[in-house]
Participant: 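Here it is, the structure, as structure tokens.
Below, each value reflects all heavy atoms present in this structure, side chains not excepted, and no hydrogens, waters or symmetry copies.
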Amino acid sequence: MSIRHGLLALLERGPRYGSQLRTEFESRTGATWPLNVGQVYTTLSRLERDGMVVQDGEDEAGHALYAITDAGRGELKSWFGRPVDRTSPARDELAIKLAMAVGAPTVDIREVIQFQRRHTVKAMQDYTRLKAQALESELVNRDDVAWLLVLEQLIFQTEAEARWLDHCEARLIRLSAATSLAPEPAPPPASSPAPAPARAHERHGRRG
């Protein structure tokens, strides 16, 4: 998640202070990725260091305002114009979990899949319910439309995950019919060290 570019996009609409940016970010995304004020001000400090925002006085309540610079607008335009890189995907905990479960001792991988599928389907149903509620009211501003787009992305994501889990289970069933996916044997216990050979003077002593 690019907090940096999200804040630049909000600042393009005019100067804002830190907690205002946090509120608007969460309103735009439905608080799907909540921010704390510390994150916002840390990011603003880095943007200021990089010449992409400047402090722009204070509002009537004494809040320090930040404004986007030409360099910030250029960076924002570049961000909107380039695709999100999918060639170096972020680590996916579920994919790693299933990969590690294959052949792992004491782990029933199909049970892992079934537990996850129940959770994923419930999440998908919750998101779908939220979408229905959003559509019941008129989409009167940009924040409503933005939240709907985020919701639909979450719905499609959970739908795809549920299908992938179905595929994983079907593949395991096919593979188990052709080859054994028995758990890997536990490593053998460490063997006791071999007794050291008798030293020469001990052998001579026994001969005497």
Participant: Can you tell me if Gln39 uses its side chain to pair, donor with acceptor, with the backbone of Asn36 under 3.5 Å?
Facilitator: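 Checked: pair present.
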
Participant: From Leu21 CG over to Leu35 CG, what is the distance, rounded to the nearest 0.5 angstrom?
Facilitator: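 Result: 9.5 Å between the selected atoms.
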
Participant: Roughly how far apart are Arg46 CZ and Arg4 CZ, rounded to 0.5 Å?
Facilitator: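 Result: 9.0 Å between the selected atoms.
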
Participant: Decide, yes or no, whether a salt bridge links Arg118 with Glu111 under the criterion of side-chain N to carboxylate O below 4.0 Å.
Facilitator: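 No salt bridge links Arg118 with Glu111.
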
Participant: Examine distances only and state if a side-chain atom of Tyr41 and a backbone atom of Gly18 form a donor-acceptor pair shorter than 3.5 Å.
Facilitator: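 Side chain of Tyr41 to backbone of Gly18, a donor-acceptor pair under 3.5 Å: yes, one is there.
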
Participant: Find the distance between CG (Asp85) and OG1 (Thr87) and round it off to the nearest 0.5 Å.
Facilitator: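 It is 3.5 Å, given to the nearest 0.5 Å.
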
Participant: What's the separation between atom CG in Leu47 and atom CG in Leu8, rounded to the nearest 0.5 Å?
Facilitator: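 The CG atom of Leu8 is 5.0 Å from CG of Leu47, to the nearest 0.5 Å.
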
Participant: Between Thr69 and Gly51 (side chain of the first, backbone of the second, donor and acceptor by atom type, cut-off under 3.5 Å), is there such a pair?
Facilitator: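 At least one qualifying donor-acceptor pair exists.
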
Participant: Can you check whether Trp147 reaches Arg28 side chain to side chain, under 4.5 Å on heavy atoms?
Facilitator: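 A side-chain contact under 4.5 Å is absent here.
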
Participant: First locate atom CD of Gln157, then atom OG1 of Thr120, and finally report the distance between them rounded to the nearest 0.5 Å.
Facilitator: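 If I round to the nearest 0.5 Å, the distance is 10.0 Å.
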
Participant: Ignoring hydrogens and angles, tell me if any N or O in the side chain of Ser78 forms a donor-acceptor pair with the backbone of Gly74 under 3.5 Å.
Facilitator: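 Checked: no pair found.
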
Participant: Please lay out, stage by stage, how Asp166 and Arg163 fare under the test salt bridge (Lys or Arg N to Asp or Glu O under 4.0 Å).
Facilitator: CA-CA 5 Å; Asp166 289 341; Arg163 290 197 303 271; over 6 Å; no

Participant: To the nearest 0.5 Å, what is the distance between CG on Asp108 and CZ on Phe115?
Facilitator: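 Nearest 0.5 Å value for the CG-CZ distance: 9.0 Å.
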
Participant: Tell me whether Thr29 contacts the main-chain N or O of Phe25 through its side chain, where contact means a donor paired with an acceptor under 3.5 Å.
Facilitator: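 Indeed, once roles are kept as given, a pair shorter than 3.5 Å links the two residues.
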
